[in-house]
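The figures that follow rest on heavy atoms only: side chains count, while hydrogens, waters and symmetry mates do not. Every chain is numbered from 1 and lettered A, B, ... according to where its sequence line falls, protein lines coming before strand lines.
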Amino acid sequence: MTTSMTEWSGPAIGLLDLDAFFASVEQLDHPQWRGKPVIVGGSPERRGVVSTASYEARRFGVHSAMPSYQAKRLCPDAIWTQGHFDRYRQMSARVMQTILDETPLVEQVSIDEAFFDVTPGRFSRESPIAICRRIQGRVAELGVTCSIGLGTSKTVAKIASERQKPRGMTVVLPGTEAAFLAPLPVSAMSGVGKATEARLRQMGVATLGQLARQDPERMRRALGVAGPSLVTRAAGREVSRVRERAKPEAAKSVSNERTFAHDLTTREDVAAAVRMVSQMVGTRLRSKGLRGHQVTLKLKFSYDKTRTAQRQLDAPTDDEHVFGAQALRLLDDVWHEGTPVRLVGVGVSGFGPEAPRQRQLELFSPEAGENDEATAPGRHRDLRALSVAADEVRSRFGKGSLSLGSELRLRESASDTAPMNKEAD
DNA sequence: TCTGGGGTCCTAGGACCC
DNA sequence: TCTGGGGTCCTAGGACCC
C-alpha cells in the first residue's frame, strides 16, 4: 500500500503497541528462552495471574489476566518469571525516544503504548505511512517488535493496532473509518468493558455500526456522560488530540495492595497487613515528594466482594505512622474479626495544594485520644524521622531487611511484587 | 488451593451551607 | 405545618484501563 501526502487528508494519528512486551524483553535478555513459551506473572501457588505470555505460550491458550494456576495447567513447561520492571521501563524509554526522533508530538499511554501525531504538513511533509514503517523498523533494531495502527483519530488508531499482531501495521485511510469500525463488536473500543457491553446488548446494540446509529441522548441516559462520546467514536467521527504525557508528579493517588496466599482472619494479622502495606505506600510517597490528606483502606473478602473506607486527615502527610493509624481505625468500619480477608490495600490521595476543610468536630472527638499510635505533634516528628531512616536502610540493604516482627509471617505469604497486566484482557 | 496490582474517572446519596 | 434549591464536600462503590 502506498499513499502520498496528497492522499491523506486530515489528522494522522498512530498508536504503537509493543508485542508481548514483558515476555519479549525477557527473551531478548535470555537468548536461551527465545522460541519457547515464557510467562511473566505471579506464581500459581500464590493466587497470581499472568501479566504477559510470549506468543509461544499463547499457542497453548495462555493469555493476560488468566489465573496462573490455569496457565500452568495449559502450559506446564512454560518458563516463568516474576518480571524485571526497571528493565522494562528502561526499554520502554528507548522506544519512546525512538518515536520522538520521528515526530515531536508523542503521548505515552502506558509502559508499552503511545499515540503519536504524524499529520502531513504539521511537522513534516512525509507520508504518515512511511514514517510509521520507519518507526517500526527502528524499534525492531532495539530488540523488541511492535504493531502500529494508523488512522484519523485515536479510537481508530488503537483498534487498528490490534488487527494484525505481532509486527503488524494496519492503516485506515481517511474516509474509510465508518466502514472499518462498523462490523466490529462494541467491546473492541476502549471504554467499553464487560458492564457496558452487557448494557448495550440489552439495548440490542452489538456492533460499533449499530452503536454509531444510536441517539446520543438515549446513550447518555443509559450510560452516563460517556454515552454520547461512545456514539461519536463508534462512527469514526471523533476529533482527538495527541497530548504530551502528563508529568508523573501529577499523580492523584498512591496506593499499594497485597493479596495473601492464605486468607487472614485474626485482627492481629489483618492489622499487621495494614501496617505493612502502609509502610510501602509511605516509602513511595516520600520518594515522590507527595503528601496527601485522604487515606483509603481496601479489603477484599472474596473475588467479588470488596469494601473500602476512607477518611480525611487533619493535614497532608507522607508518614505511615499517621495515615496508617487512621487506616487501622477504618478497619472496624468494614470488617469484624473472623471474616476471611484475602487482600489488604491502603491508598493516600488528595495531594492538592489547599488544606482540607477544617472540621472543628475532630479536635474534640474521642478518636483523637491518647491511646493513638501517633497523635502528639512531637511524636509525629520522631516517627517520621524513623520512617525516613527506614527508607534509607531498605534502599541500601533490600526491601526485606527491615520489618516489624508481626510482618514477617505476612511477608512470607504475600505474593511477591506481581507485575502489572500490560495487555488488555 | 480458580481470578493481581496500580491507577483514573464517574455516580449517587447524605451532610452542610447560604 | 406539607419543608426550596443550588453548590460543594465527603464517602462508598463500581467501571475501566494496561
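- To the nearest angstrom, C1' of C/dG13 lies 14 Å from CG of A/L297.
- No contact: A/R199 has no heavy atom under 4.0 Å from any strand.
- Rounded to an integer number of Å, the gap from CD of A/E113 to P of B/dT8 is 17 Å.
- Projected onto DNA chain B by closest heavy-atom contact, A/Y69 and A/L343 fall at different nucleotides, the more 5' of which corresponds to A/Y69.
- One interatomic measurement links the two molecules: CD of A/Q294 to P of C/dG13, which rounds to 14 Å at whole-angstrom precision.
- B/dC2 sits 29 Å from C/dC18 when the P atoms are compared, rounded to a whole Å.
- Contact annotation: A/S51 side-chain N/O to B/dG4 OP1/OP2 distance is not under 4.0 Å.
- For A/S255, whose side chain is taken as the heavy atoms from C-beta onward, the closest listed nucleotide among B/dT8, B/dT11, B/dG6 is B/dG6.
- In the set C/dC16, C/dT11, C/dA12, the nucleotide with an atom closest to the side chain of A/A195 is C/dC16.
- Just one residue in the list A/L15, A/L16, A/V118 forms a side-chain contact (heavy atoms from CB on, under 4.5 Å) with A/L150, and that residue is A/V118.
- Using cut-offs of 30° and 60° for the angle between ring planes, the A/W33 and A/H30 rings count as parallel.
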Q: Give the C-alpha distance, both sets of side-chain angles, the deciding distance and a yes or no for salt bridge (Lys or Arg N to Asp or Glu O under 4.0 Å) between A/R243 and A/E107.
A: CA-CA 5 Å; A/R243 299 166 306 175; A/E107 177 180 345; 3.8 Å; yes
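- Considering only side-chain N and O atoms, A/R47 lies under 4.0 angstrom from the phosphate OP1 or OP2 of B/dT3.
- Positionally, the nearest nucleotide of DNA chain B for A/Q70 lies more toward the 5' end than for the other of A/A226 and A/Q70.
- In this model, no donor atom of one side chain and acceptor atom of the other lie less than 3.5 Å apart for A/S92 and A/D112.
- Of the charged side-chain nitrogens involved, none lies within less than 4.0 Å of a carboxylate oxygen, so that A/E257 and A/K300 do not count as a salt-bridged pair.
- Checking B/dT11, C/dC18, B/dT8 against every side-chain atom of A/V225, the shortest atom distance belongs to B/dT11.
- Separating the P atom of C/dC16 from that of B/dT3 is a span of 22 Å, rounded to the nearest Å.
- Remark: C1' of C/dG13 and CZ of A/R307 are 10 Å apart, rounded to the nearest angstrom.
- Listed nucleotides: C/dA15, B/dT3, C/dC18. Nearest to the side chain of A/T196: C/dA15.
- Look at CD1 on A/I39: it is 15 Å from C1' on B/dG4, rounded to the nearest Å.
- Applying the 4.0 Å criterion to OP1 and OP2 of B/dG5, one finds that A/T259 has a side-chain N or O inside that range.
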Q: Test salt bridge (Lys or Arg N to Asp or Glu O under 4.0 Å) on A/K36 and A/D77 and set out the steps.
A: CA-CA 9 Å; A/K36 296 182 179 164; A/D77 298 329; over 6 Å; no
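- For B/dC2, neither phosphate oxygen OP1 nor OP2 lies less than 4.0 angstrom from any side-chain nitrogen or oxygen of A/R73.
- Checking B/dG4, C/dA12, B/dG5 against the side-chain heavy atoms of A/Y303 singles out B/dG4 as nearest.
- Per the geometry, NZ belonging to A/K72 stands 18 Å off C1' belonging to B/dT3, to the nearest Å.
- Distance from the side chain of A/Q310 is smallest for C/dA12 among the nucleotides C/dA12, C/dC17, B/dG4.
- At a threshold of 4.0 angstrom between heavy atoms, the contacts of A/N256 are confined to the sugar-phosphate backbone, with no base atom among them.
- For A/K252, counting side-chain heavy atoms from C-beta on, the closest listed nucleotide (B/dG4, C/dA12, B/dC9) is B/dC9.
- Checking A/T296 against A/R311 by side-chain atom types alone, no donor-acceptor pair falls below 3.5 Å.
- Going from atom CD of A/E257 over to atom P of B/dT3 covers 14 Å, rounded to whole Å.
- Because its glycosidic torsion is more than 90° from 0, C/dC2 is reported here as anti.
- We find that CZ of A/F260 is positioned 17 Å from P of B/dC2, with the value rounded to whole Å.
- Distances were taken from every side-chain heavy atom of A/A65 (C-beta onward) to each of C/dG13, C/dC17, B/dG4; the shortest belongs to B/dG4.
- In terms of phosphate contacts, A/K300 brings a side-chain nitrogen or oxygen within less than 4.0 Å of OP1 or OP2 of B/dG4.
- When both distances must be under 3.5 Å, the Watson-Crick or G-U wobble mate of C/dC18 is B/dG5.
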